[in-house]
Amino acid sequence: AAGVIQSPRHLIKEKRETATLKCYPIPRHDTVYWYQQGPGQDPQFLISFYEKMQSDKGSIPDRFSAQQFSDYHSELNMSSLELGDSALYFCASSFLRRTSTDTQYFGPGTRLTVL
Amino acid sequence: DAKTTQPPSMDCAEGRAANLPCNHSTISGNEYVYWYRQIHSQGPQYIIHGLKNNETNEMASLIITEDRKSSTLILPHATLRDTAVYYCIVRVERGKLIFGQGTELSVKP
């Protein structure tokens, strides 16, 4: 079965640069969630989108922005990168309209390293 | 969302059942219990979820107490590949996942 696709899988950037992470949800899924996992930490929710509209927001820095496009893929844009942004970034997708409980399925993650 | 409490680590012998407990004493009536696991920096993997009835799928069984204040995830025949961090998460439908510290399960030969 098709899974969530994230690209790139690895990304190395310098401080103050920008980065764009992409997420392609499971086909027919309409909701995308972004999570950040720092070294030795548990995943933390950043932001989510349903039907191209932001549906919830967590501890996402103002330097980060995200959107969901008409084909349901999502992009997380990160500007003025800091060393502390080095982390694994996971995207998850779910099918909200189908059932009342939307199980989230995660992608393999993008490992961002800021030097 | 209700908070969950899990033991930080557990060991299990290969081939034996692994029983992972979770306390969620402040769970609300509309909150589900979800279990995910994460194998060494891979994306969290969905295992099972339930509201108040016990649930079973090809991966595991979920036993929820009648008062819903605690639950147990059961891996019936643990293998070395089940070594992972297991997260018990309580969430409302359509809500974000809030990960706690989880239980680091080590399956030993």
Side-chain angles (χ1 to χ4, degrees), chain A residues 1 3-6 9-10 21 23 25-26 29-51 53-60 86-113, chain B residues 1-9 22 27-53 55-60 62 64 68 71 73 84-105:
Chain A
V4 176
I5 296 172
Q6 291 189 246
R9 295 293 310 278
H10 301 273
L21 280 53
C23 169
I26 293 171
H29 278 196
D30 52 18
T31 306
V32 168
Y33 303 78
W34 285 96
Y35 295 83
Q36 177 192 57
Q37 186 173 27
Q41 298 180 3
D42 304 304
Q44 299 294 315
F45 169 74
L46 290 177
I47 195 167
S48 61
F49 292 87
Y50 168 62
E51 283 291 344
M53 299 286 289
Q54 181 182 307
S55 55
D56 198 358
K57 195 171 181 179
S59 311
I60 184 169
S86 295
L88 277 166
Y89 290 85
F90 293 108
C91 170
S93 75
S94 68
F95 193 1
L96 206 58
R97 281 174 288 162
R98 185 182 63 183
T99 64
S100 61
T101 55
D102 61 316
T103 297
Q104 296 179 30
Y105 296 93
F106 283 77
T110 293
R111 182 177 293 279
L112 172 67
T113 302
Chain B
D1 295 317
K3 182 180 170 161
T4 62
T5 303
Q6 299 177 250
S9 63
C22 179
I27 192 170
S28 299
N30 63 341
E31 290 180 312
Y32 291 77
V33 180
Y34 276 77
W35 284 84
Y36 281 79
R37 71 181 183 184
Q38 187 174 30
I39 300 171
H40 189 55
S41 298
Q42 296 180 21
Q45 179 187 22
Y46 166 76
I47 301 173
I48 198 167
H49 76 280
L51 183 61
K52 49 187 175 182
N53 298 321
E55 302 288 344
T56 294
N57 62 20
E58 64 279 3
M59 288 183 68
L62 174 60
I64 303 174
R68 302 212 319 126
S71 60
L73 177 74
V85 178
Y86 287 76
Y87 293 99
C88 169
I89 300 168
V90 170
R91 68 182 280 244
V92 296
E93 61 183 59
R94 308 183 178 196
K96 58 186 175 286
L97 295 171
I98 299 176
F99 290 81
Q101 69 169 20
T103 295
E104 189 166 358
L105 175 69

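Each chain gets a letter, A, B and so on, in the order the sequences are listed, and its residues count up from 1. Bear in mind that the values here come from a model prediction, so they are computed numbers and not experimental data. Every heavy atom of this structure was used, including side-chain atoms; hydrogens, water molecules and symmetry mates were not.
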Asks: Answer yes or no: are there more than 12 heavy-atom neighbours, outside B:E104 itself, under 6.0 Å from its atom CD?
Replies: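 No - once you tally the heavy atoms of other residues, nucleotides and ligands closer than 6.0 Å, there are 12 at most.
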Asks: So, A:Y35 side chain and B:L97 main chain: donor-acceptor pair closer than 3.5 Å or not?
Replies: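 Yes, A:Y35 side chain to B:L97 backbone: donor-acceptor pair under 3.5 Å.
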Asks: For a quick test of reading the model, state the closest non-hydrogen atom pair linking A:F90 to B:G43 and the distance between them.
Replies: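 Reported closest heavy-atom pair: CE2-CA, 3.3 Å.
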Asks: Quick check: closest heavy atoms across A:P43 and B:Y87, and the distance to 0.1 Å?
Replies: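 Here A:P43 and B:Y87 meet closest at CD-OH, 3.8 Å.
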Asks: Are B:R91 and A:D102 side-chain neighbours, meaning at least one heavy-atom pair lies under 4.5 Å?
Replies: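 Yes, their side chains come closer than 4.5 Å.
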Asks: Just so I understand: if I count every heavy-atom pair under 4.5 Å between each of A:Q104, A:R111, A:Q37 and chain B, which residue has the most?
Replies: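 Most pairs with chain B among the choices: A:Q104.
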Asks: Considering only heavy atoms, which portion of A:D56 lies under 4.5 Å from any heavy atom of chain B: side chain, backbone, both, or neither?
Replies: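 Contact with chain B involves the side chain of A:D56 alone.
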Asks: Is chain A contacted by the side chain of B:Q45, its backbone, both, or neither, given a heavy-atom distance below 4.5 Å?
Replies: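 For B:Q45, there is no contact with chain A at all, as no heavy atom is under 4.5 Å.
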Asks: Work out which heavy atom in A:Y33 is nearest to a heavy atom in B:K96; give both atom names and the distance.
Replies: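 Scanning both residues, the minimum pair turns out to be CE2-CA, 4.3 Å.
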